[in-house]
Trainee: 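Below: one structure in structure tokens.
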Amino acid sequence: MIALLTRDLRLALRAGGGFGLGLAFFLILAVLVPLGVGPEPATLAVIAPGILWVGALLACLLSLDRIFALDYEDGSLDLLATAPVPLEAVVSIKALAHWLTTGLPLVLISPVLGLLLFLPAEAYLWLILSLVLGTPALSVIGTFGAALTVGLKRGGLLMSLLVLPLYIPTLVFGAEVVSRGAQGLAVNTPLALLAGITTGAVALLPFASALVLRINLR
Amino acid sequence: MTLRVSDLAVARGGVPILEGVSFALDVGQALVLRGPNGSGKTTLLRSVAGLQPALAGTISAPPDSIAYAAHADGIKGTLSVRENLEFWAAIYGKAGIEPALEQMNLRALADRAAQNLSAGQKRRLGLARLLVSGRPVWVLDEPTVSLDAESVALFGEVVRTHLGHGGCALVATHIDLGLPEADIFDLAPFKARLPDLGAGGFDEAFL
Amino acid sequence: MGSVWEYANPLKFMRTTDWLLPIVAISAVVVTAVGLIWGFFFTPDDFRQGSTVKIVFLHVPAAMMAINAWVMMLVASLIWLIRRHHVSALAAKAAAPIGLIMTLIGLITGAVWGQPMWGTWWAWDPRLTSFLVLFLFYLGYIALWAAIEDPDTGADLTAVLCLVGSVFALLSRYAALFWSQGLHQGASLSVAPGTRMDWAYKAPLYVCMVGFGLVFVALLLAGTRTEIRSRRMKALMARERMV
């Protein structure tokens with residue numbers, strides 16, 4: 001299992017692994033929004049929580065098809081399915097590798113982008129906390145979408161259509177935490193709901209992902 | 001008895017292609033599947049490997065005994081030969097890839113990135129995975145594609161050694177592996193017949 | 001009559017719907033027409049909303065069927081996953097476009113109603129948001145069916161998507177509720193004092209709801225029959241290839 005994790009991380013970090021693409025996308029989005037909306041700090045401060053969360057979500061989406069597509073093409077997925085490791089664990093490890101190479105860097109860079117968008121000072125803590133709690137759900141839900149569409153040609157666009165609606169609850173609660181934090185309101189409820197969604201998704205969705213993966217491999 | 005297949009029926013894309021397939025493989029035995037393209041060799045092997053449910057029949061083998069190798073080798077180009085093999089060894093819970101490197105004549109290439117290997121060298125790396133899996137029943141789908149004559153001979157030798165060490169192998173191949181002791185199993189007699197439409201004609205047709 | 005599962009046999013299903021479909025279709029047209037004409041022309045105008053209130057006779061039944069269609073797909077998907085009856089999977093497939101259209105009718109009539117009442121075509125109100133989200137779920141479900149060539153694989157994958165999607169659709173509903181209570185009035189038939197609907201409206205509304213339900217069943221049966229036939233075509237073509 002650790003071997004699979006290190007292999008996936010190694011593959012992502014080596015040349016052509018696509019590491020950093022999501023990060024660059026996140027950065028570009030945070031640059032484009034002020035260019036489109038206008039530079040007024042007051043306006044940007046209001047929309048910053050939503051923009052940062054939508055940006056993180058889209059950046060996550062960008063790298064989802066790499067979770068299984070390459071392993072499917074070169075036969076690794078068949079071999080992993082016949083190896084003495086449960087497919088549920090393979091799916092979970094792949095989601096974890098995706099989070100470590102996409103979600104975690106997004107969390108780390110988000111304060112800098114908050115600066116670009118004039119995020120109020122009180123909100124930084126909540127921005128980081130909500131992303132730490134929410135991005136694992138994005139990776140796990142995305143892994144399910146990637147497993148659903150793994151055998152399909154041109155599955156990328158379809159996967160966005162399938163995954164984005166599933167991202168809605170995470171997005172709503174995540175952005176709500178940050179914007180409440182920015183206004184100095186209590187954030188307990190949305191934070192708890194966000195954590196609940198992540199916990200539930202991490203615990204249950206790998207079973208669904210492994211199920212659809214088996215269906216797609218046969 | 002290591003692997004026993006009895007009365008197996010398999011389908012491809014929902015259409016039955018083979019039925020009534022029965023054979024058994026003993027320790028030290030190799031069975032070569034023969035049949036024209038599209039006769040269901042790959043589908044049969046995928047079913048035996050457990051990737052695809054069979055329509056009917058049973059496949060019995062000791063648990064965790066089958067190692068499957070197909071057209072695609074599951075090799076990552078940006079990893080070195082050694083890293084590729086070490087990964088699969090770890091997945092199968094085995095240590096020590098040196099004997100496999102030695103047997104497949106890959107030692108000189110061990111630290112080269114897999115993307116810089118020739119097609120035949122990649123294939124040898126893919127087959128070395130079988131050795132590190134440590135599993136007795138090899139299920140091989142066209143293992144000699146893109147191997148030159150020398151490598152085919154080398155691979156034949158590896159299979160023979162495997163058989164000698166108490167393993168067995170089920171191989172779909174068109175060329176001679178140099179295994180005179182292997183039995184040939186022709187799939188042609190097991191081609192699935194069209195199911196009878198019955199009195200309902202069109203109305204009964206439903207897959 | 002034997003077990004209800006007999007109707008999961010495609011042949012039996014086709015034979016039964018041969019005579020059942022026309023009956024359902026005709027009664028759907030009649031009941032819906034009666035309900036709508038009664039509602040539009042033979043009910044008094046509301047003292048606050050005027051004649052715009054009559055959109056309710058399209059809006060509420062459509063919105064109700066939009067949700068019911070998804071629930072029906074959920075049940076059919078479960079039956080397919082557990083008992084592997086092909087008719088069930090095909091019925092779920094056939095229900096999706098109907099549900100999509102019902103959702104669209106609900107959204108459009110809602111916008112037309114909202115404009116004079118609230119002064120806006122659209123508001124990010126919990127109910128409206130949930131319906132938009134439901135619309136997206138229908139789109140994804142239909143797109144997944146369309147993308148997969150092998151019918152059994154398609155049935156399996158869409159069934160799992162329907163189960164997972166249902167959970168997330170519910171979560172989205174609560175996420176939207178979380179924002180605010182919104183502009184939308186409570187459920188139209190709720191028994192809360194003061195908002196209670198008069199029987200003059202209620203009676204034709206019930207007729208419309210039954211009518212929309214019948215329309216849904218008629219379209220569902222017709223759609224399922226089409227899916228079964230197209231499945232047979234595929235089966236026959238596969239036989240041609242086997243020879």
Trainee: Within a strict 4.5 Å, meaning less than it, do heavy atoms of the A:Leu79 and B:Trp88 side chains meet?
Mentor: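 The answer is yes, as the side chains (C-beta and beyond) meet within the 4.5 Å cut-off.
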Trainee: Compare all side-chain heavy atoms of A:Thr82 with those of B:Ile66 and state whether any distance is below 4.5 angstrom.
Mentor: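 Not touching, per the 4.5 Å side-chain cut-off.
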Trainee: Look at atom CG of A:Leu35 and say whether more than 12 heavy atoms of other residues, nucleotides or ligands are closer to it than 6.0 Å.
Mentor: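 Yes, because the 6.0 Å sphere around CG of A:Leu35 holds more than 12 heavy atoms from other groups.
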Trainee: Does atom CG (A:Leu157) have a neighbourhood of more than 12 heavy atoms from anything else shown, all under 6.0 Å?
Mentor: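 No.
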Trainee: Taking side chain as everything from C-beta outward and backbone as N, CA, C, O, which of these in B:Ala49 sits under 4.5 Å from a heavy atom of chain A? Side chain, backbone, both or neither.
Mentor: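 Contact with chain A: backbone and side chain both.
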Trainee: Which pair of heavy atoms, one from A:Ser76 and one from B:Gly74, lies closest together, and at what distance?
Mentor: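 Looks like OG-CA, 3.3 Å.
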Trainee: Under a 4.5 Å cut-off applied to non-hydrogen side-chain atoms, are B:Thr78 and A:Arg10 in contact?
Mentor: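 A side-chain contact is absent here, since even the closest heavy-atom pair is not under 4.5 Å.
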Trainee: So for A:Ile215, is it side chain, backbone, both, or neither that comes closer than 4.5 Å to the heavy atoms of chain B?
Mentor: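 Interface part for A:Ile215: neither.
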Trainee: Select one option (side chain, backbone, both, neither) describing which atoms of B:Ile75 are under 4.5 Å from chain A's heavy atoms.
Mentor: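 Backbone of B:Ile75 only, per the 4.5 Å heavy-atom cut-off to chain A.
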Trainee: Are A:Leu217 and B:Gln52 side-chain neighbours, meaning at least one heavy-atom pair lies under 4.5 Å?
Mentor: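 Sidechains of B:Gln52 and A:Leu217: no contact.
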Trainee: Can you tell me how far CZ of B:Phe87 sits from OG1 of A:Thr6, rounded to the nearest 0.5 angstrom?
Mentor: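 Reported to 0.5 Å precision, the distance equals 8.0 Å.
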Trainee: Do you know which of A:Asp71, A:Asp78, A:Leu77 has the most heavy-atom pairs under 4.5 Å to chain B?
Mentor: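 It is A:Asp78.
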Trainee: For B:Phe23, is the CZ atom crowded, meaning more than 12 foreign heavy atoms sit under 6.0 Å from it?
Mentor: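 Correct, the count exceeds 12.
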Trainee: Considering all heavy atoms of both residues, which atom of A:Glu73 and which atom of B:Ala72 are nearest to each other, and what is their separation?
Mentor: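 Smallest heavy-atom distance, with atoms named: O-CB, 4.2 Å.
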Trainee: About how many Å separate CD of B:Glu86 and CZ of A:Arg7, when rounded to the nearest 0.5 Å?
Mentor: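 It comes to 13.5 Å.
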